[in-house]
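What follows is a short report on a single structure.
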Amino acid sequence: MRIETETLMAKYKDNLFAVAFSVCKNGADADDVVQDTFIQYHTLNKQFDSEQHIRSWLIRVAINKAKNIHYSFWRRTSVPLKEYMETLTFETQEAEIIFEEVMKPPEKYRIVIHLFYYEDYTIREMAEVLKVTENNIKVRLTRGRKLLRVALQEEWDDDDK
């Protein structure tokens, strides 16, 4: 199965951007990751089993490219998270707080939280995409939720004072 690149871009560019941003925490780098991912798909002469297989492949490639950028020597020109957040609009103050807290945990927790809650991936699908065991995904998801619960509880406890 092969789907036109333009069709995939229209459908998945925002998802790939969100995944890439969760890794590199930089809008410009996330844009580059999305573009590079679609270029790689376009130039790749590979047949996929289904659209879900294509989607998983795109996310896996985006995560890998984002990690490469995030850990690269040239990463000195990044925009801090606070500056990037100033360019975003949130429906509520709570949505902004939640976004900021989701971006704080270590990468391995951010990715599974994003895939589970924003991309509606199952544990099995995440294990396939991330090339780890299902139990590992469950542990990461549990630990990520715990970090978020503690951080968000502290945030709202501070508001009550």
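It should be emphasised that the depicted structure is a prediction, and the values quoted were computed from it without experimental measurement.
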Note: E101 and A151 closest approach over all heavy atoms is OE1-CB, 3.0 Å
So, R140 side chain and Y109 main chain: donor-acceptor pair closer than 3.5 Å or not?
no
Do the side chain of R124 and the main chain of E134 share a donor and acceptor less than 3.5 angstrom apart?
no
Among I111, L16, T37, which residue meets the side chain to side chain contact (heavy atoms under 4.5 Å, CB included) test with I59?
L16
How long is the gap from CG on D32 to CZ on F17, to the nearest 0.5 Å?
10.5 Å
Within 45° of the axis and under 6.0 Å from the centre of the six-membered ring of Y41, does NZ or CZ of R2 qualify?
yes
For a side chain to side chain contact (heavy atoms under 4.5 Å, CB included) check, start with the C-alpha distance between M1 and H53, then their side-chain angles and the critical distance, and finish with the verdict.
CA-CA 9 Å; M1 169 179 220; H53 184 207; over 6 Å; no
With K146, which residues qualify under side chain to side chain contact (heavy atoms under 4.5 Å, CB included), at least two apart?
R149
Please tabulate, for the side chains in residues 3-14, all donor-acceptor contacts under 3.5 angstrom to protein atoms that are two or more places apart in sequence or on a different chain.
{"from": "T5", "atom 1": "OG1", "to": "H42", "atom 2": "ND1", "distance (Å)": "2.8"}
{"from": "K11", "atom 1": "NZ", "to": "E51", "atom 2": "OE2", "distance (Å)": "2.6"}
{"from": "Y12", "atom 1": "OH", "to": "E51", "atom 2": "OE2", "distance (Å)": "2.8"}

Taking only residues two or more places apart in sequence, or in another chain, which ones meet Q35 in a side-chain hydrogen bond (donor to acceptor under 3.5 Å, both in side chains)?
none
Just jot down the side-chain hydrogen bond (donor to acceptor under 3.5 Å, both in side chains) partners of N64, sequence neighbours excluded, or say none.
R60
Side-chain donor-acceptor pairs of residues 125-133 under 3.5 Å, sequence neighbours excluded:
{"from": "E125", "atom 1": "OE1", "to": "T122", "atom 2": "N", "distance (Å)": "2.9"}
{"from": "E125", "atom 1": "OE1", "to": "T122", "atom 2": "OG1", "distance (Å)": "3.4"}
{"from": "K131", "atom 1": "NZ", "to": "E128", "atom 2": "O", "distance (Å)": "3.4"}
{"from": "T133", "atom 1": "OG1", "to": "N136", "atom 2": "N", "distance (Å)": "3.0"}

Could you list the residues that satisfy ring pair (Phe, Tyr, Trp, His ring centres under 6.0 Å) with Y117, not counting sequence neighbours?
none
